[in-house]
Amino acid sequence: MTVGTLQQQLACIPDLSARLAAIPDTPTLRFIPIRHHSPAVAQHLKRLFTTDQPELVLIEAPENLQAVLPYLADAETRPPVAVYCYHQHPDDPTARARAYYPMARFSPEWVALKLACDAGAQVRFIDAPYLQRSSFRSEDSGAEDRSLLDENDWRDHHLLPQLLQTTACRDIDELWDRWFESRAHHTDSHSFFQDLKAWCLLLRPDPAQADAETALREQCMAAHIRDAVDSGKRVWVVTGGYHTEALAQSYAQAAPRAIHTSELSKPDAQHGVALIPYSLQRLDKANQYAAGLPDCGYYHALWNKQGESAEKTNTELTLKVAQYLREAGELIGLPDCIEAMAQRQRLAALRGVQAGRMEWRDGLHSCFQAIHGDHQQLLDQAIQVTLQEERTGRVCRAWPLLPMVDDFRRSARQWRLPLSAATPAEKSLDIYRSQRHRDISAWLHRLRFLGSTYGDYTAGPNFAEQKDLNRVREIWTVQWQPDVEAHLTEQQHLGTHIAEAAANRLLAQLSDPEFQGTIASLLPQALRMGLNELISPCLAALETWLGGNHLFESLVAALAQLLYCQQLQKVLRLTHFPTLQSQQQLAYRNACSALGWIQQVDTQRSAAIQSAIRQLSAFIQQDQIALEADLFLDQLRALLQQNDGTLAGLACGVLYHHGALSDEAVEAELNNACRQAWIEPSYIGDYLTGLMQSSRAIVLNHPKLLSAISQLIEHWDESTFLQCLPGLRLAFTQLKPRESQRLGQQIQALLNGEPDQTPTQLASLNRDELHQAHALLKQWGW
């Protein structure tokens with residue numbers, strides 16, 4: 001496929017010559033179309049700048065970024081960097097819009113900016129301010145980065161499938177590589193930009209067709225262009241090619257616009273911009289960045305070694321891929337690398353283009369024959385690792401660092417934690433023995449509470465759920481990413497330091513009605529964050545909350561959090577809080593009282609109540625504090641008559657487990673359940689499920705229960721049995737293998753007419769009888 005194919009496609013555009021001629025293209029006023037982050041465009045722009053020597057360069061970027069320009073142009077600033085924009089809806093504090101304007105070394109906008117500043121020319125950002133562009137859409141406020149450079153309209157053009165089929169390209173990026181990136185060093189700049197303009201005309205045949213946001217932006221940019229032209233200076237207009245023709249048509253009619261360079265102000269709760277380091281990896285299309293090029297690490301390598309031949313750079317990348325594969329145990333040698341490079345050139349000749357990214361990739365896939373089968377994905381991984389080495393930019397020291405970000409950096413350096421993008425690091429903290437480690441843990445918990453992604457708590461003692469208490473270390477996965485500092489910038493309104501911001505956020509939640517249902521969880525969070533001065537306000541707010549009428553399960557959850565705090569006091573060596581135990585007692589008494597009021601409940605709440613009953617039973621058994629067990633057990637007796645079979649069975653099991661029901665009383669309850677099952681057959685499956693959740697021993701130690709259930713099943717017809725089968729299966733799946741074996745032996749004896757055999761007699765059954773017993777269990781839905 002030759003470059004001539006592009007000319008054939010462009011020749012089909014009606015009035016192509018006239019439309020191209022209408023776009024100003026002289027040293028006095030030149031419209032330069034670009035594809036964001038395209039190295040080929042940046043290379044030709046660099047060449048053309050030397051010839052034109054423009055005095056005023058207009059760049060497609062929000063005009064409110066003008067205040068950041070001196071810091072972007074500073075010699076210490078090294079891309080990739082990004083300008084981070086955000087603002088909050090004036091009437092809805094939860095609605096935030098945020099976006100990035102990223103630049104790499106090979107981004108045309110960055111190259112134009114640096115060339116102009118180095119030559120003493122003016123630079124002006126001309127796009128509509130972000131405050132006007134954002135509309136609090138879900139993509140603005142989501143967790144993923146949204147770039148202000150995303151231009152998706154041309155990617156969905158109806159001509160693209162036809163172009164891909166005609167050129168035998170796999171996707172639009174391969175087509176772009178063949179027609180434009182491969183011409184970075186092998187065509188004159190004027191011809192390159194003329195073809196790029198025509199390409200944009202092909203993909204936007206009617207410049208008047210635009211959505212409301214695009215129309216707003218183009219109106220703003222046209223006014224800036226008119227103002228610049230009226231200044232009498234040599235002007236360059238550097239914008240995405242999608243806008244070029246529309247701007248050329250409208251700037252002549254646009255009214256001049258007064259330009260005000262706003263002073264750089266500290267971002268607040270409403271709006272702000274900040275200059276932050278960015279990572280090359282986030283500019284890669286493979287990482288869901290729509291405006292990026294795939295394999296941008298490939299172009300980064302070529303751009304950094306412009307003094308060397310592209311052949312040498314491709315060879316170095318090939319050797320890196322081969323080294324990765326050899327370290328993974330693959331038999332890749334130097335001859336394979338030589339052949340891959342030769343194949344790259346042969347593919348380029350066959351396609352009629354200069355060898356580029358796709359020819360390099362295809363050469364590797366073609367010649368590294370030692371990798372085969374499922375191991376082929378290893379080659380893709382090797383290429384990805386080679387091209388996505390994490391490179392992070394740097395912001396100049398003159399940039400007025402926000403206090404929150406400055407506090408974050410100083411603390412990270414103090415704790416020797418990463419401050420640049422790299423592989424996630426694991427941090428192990430011995431919180432039981434080391435005060436320094438407890439301090440680091442508190443700092444990481446503060447960041448986590450503020451919503452930062454810097455530290456991920458991956459393992460450690462879980463006091464809230466009474467799990468992994470034998471662990472003496474917290475394990476954190478720590479990784480710096482650009483959005484860490486961007487997020488802290490957005491949280492600047494909460495305080496100047498991370499501890500202050502976390503404290504203010506916690507206090508705000510204490511008084512927010514939306515968080516009242518989970519207010520008990522704020523107390524242990526304050527402890528984990530080392531905000532001991534907030535313990536008293538938390539306890540006071542919790543005491544007020546406990547005085548209200550609340551659901552049983554929410555009160556048990558509050559008690560769990562209070563018991564969790566008691567554990568934390570010991571681990572973190574904190575001062576004793578005298579009201580903590582009194583609030584534990586209050587939460588317990590209120591929970592027991594609420595348990596007595598449980599009547600009809602829906603299925604979803606029934607599951608929560610079951611979990612809370614088991615949890616409260618465990619608290620009493622663990623004897624962490626002096627809880628009046630009888631208060632809980634007395635309320636459970638009322639549940640024995642519940643129409644909810646699962647709750648009734650669970651209450652019976654808990655009472656038996658705590659010795660509050662005798663064997664005779666248990667058998668009476670079980671007989672009552674069987675009588676209920678004669679009316680509602682599914683009741684017995686639910687009852688057994690609840691029973692086995694709390695005390696599986698009941699079923700195993702009461703042969704009369706088995707006899708009663710057996711009589712039930714024998715009198716069911718097939719339809720009733722199938723209706724009850726899911727409940728029976730759910731009940732029996734809670735048994736352990738050894739318990740299943742024992743129950744099978746009991747059922748075998750029961751069906752043989754020996755229901756009163758003891759466990760010792762049952763153990764004497766031979767293996768054949770045991771297999772027969774397991775077969776019989778299927779009759780019970782096992």
Side-chain angles (χ1 to χ4, degrees), residues 462-467 510 513 515-525 527 538-569 577-644 646-661 690 693-695:
N462 188 334
F463 302 104
E465 299 181 11
Q466 296 295 299
K467 296 179 180 178
L510 280 177
F515 290 92
Q516 292 302 299
T518 57
I519 196 169
S521 66
L522 296 177
L523 179 59
Q525 288 193 71
L527 290 172
C538 286
L539 287 171
L542 181 57
E543 185 171 7
T544 301
W545 180 84
L546 288 173
N549 295 320
H550 303 293
L551 297 177
F552 165 71
E553 54 270 33
S554 63
L555 288 163
V556 174
L559 176 60
Q561 295 292 342
L562 289 166
L563 294 174
Y564 172 25
C565 291
Q566 183 172 303
Q567 294 282 348
L568 282 177
Q569 278 186 297
F577 303 105
T579 62
L580 186 59
Q581 288 193 355
S582 64
Q583 294 209 17
Q584 290 171 344
Q585 295 289 346
L586 178 59
Y588 173 70
R589 289 194 298 271
N590 287 359
C592 292
S593 177
L595 181 60
W597 289 94
I598 291 177
Q599 301 296 329
Q600 295 288 345
V601 294
D602 57 37
T603 303
Q604 184 175 4
R605 191 179 168 215
S606 177
I609 292 173
Q610 295 167 37
S611 176
I613 289 174
R614 293 194 301 271
Q615 193 174 23
L616 198 52
S617 174
F619 290 156
I620 293 174
Q621 186 176 10
Q622 292 162 4
D623 197 25
Q624 294 182 18
I625 59 173
L627 298 175
E628 302 173 56
D630 289 344
L631 190 60
F632 169 56
L633 299 177
D634 288 344
Q635 298 294 351
L636 273 182
R637 288 187 174 90
L639 290 182
L640 293 175
Q641 308 305 317
Q642 256 283 345
N643 292 330
D644 187 318
T646 308
L647 283 178
L650 179 65
C652 180
V654 172
L655 288 167
Y656 179 78
H657 185 74
H658 286 277
L661 284 182
Q693 285 179 3
S694 53
S695 182

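None of these values were measured; they are calculated from a predicted model. Numbers here simply count residues along the sequence, with the first being 1.
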Test side chain to side chain contact (heavy atoms under 4.5 Å, CB included) applied to Val556 and Tyr588, step by step: CA-CA 7 Å; Val556 174; Tyr588 173 70; over 6 Å; no
Straight-line distance of Asp634 CG to Cys592 SG, nearest 0.5 Å: 9.0 Å
His657 NE2 to Leu650 CG distance, which is reported to the nearest 0.5 Å: 11.5 Å
Any side-chain donor near an acceptor of the partner, Gln615 and Ser611, under 3.5 Å: no
Between CD1 on residue Ile519 and OG on residue Ser554, distance to nearest 0.5 Å: 12.0 Å
Spacing of Leu555 atom CG and Leu595 atom CG [to the nearest 0.5 Å]: 10.5 Å
Distance-minimising heavy-atom pair for Leu522 and Cys538: O-SG, 4.2 Å
Mutual orientation of the aromatic rings belonging to Phe632 and His658 [parallel < 30°, tilted 30-60°, perpendicular > 60°]: perpendicular
Closest non-hydrogen atom pair between Asp644 and Thr646, with its separation: OD1-N, 3.1 Å
Nearest atoms (heavy-atom pairs only) where Ala651 meets Leu639: CB-CB, 3.8 Å
Side chain Gln610, main chain Ser606, donor-acceptor under 3.5 Å: yes
Interatomic distance, Gln525 atom CD to Gln561 atom CD [nearest 0.5 angstrom]: 8.0 Å
Where Glu553 and Ala608 come nearest, the two heavy atoms and their spacing: CB-O, 4.0 Å
Separation between OG of Ser593 and CD of Gln635, rounded to the nearest 0.5 Å: 6.5 Å
Donor-acceptor contact present, side-chain His550 to main-chain Asn590, <3.5 Å: no
Residues Ile613, Phe552; criterion side chain to side chain contact (heavy atoms under 4.5 Å, CB included); working and verdict: CA-CA 9 Å; Ile613 289 174; Phe552 165 71; 3.7 Å; yes
Full working for side chain to side chain contact (heavy atoms under 4.5 Å, CB included) between Leu523 and Leu580: CA-CA 10 Å; Leu523 179 59; Leu580 186 59; 4.2 Å; yes
Pairs satisfying salt bridge (Lys or Arg N to Asp or Glu O under 4.0 Å), at least one member in residues 607-621, at least two apart: none
For the student: nearest non-hydrogen atoms of Gln583 and Leu546, plus distance: O-CD1, 3.9 Å
Taking every non-hydrogen atom, the tightest pair across Tyr656 and Leu661: CD1-O, 3.7 Å
Lys/Arg N to Asp/Glu carboxylate O, Glu628 vs Arg589, below 4.0 Å: no
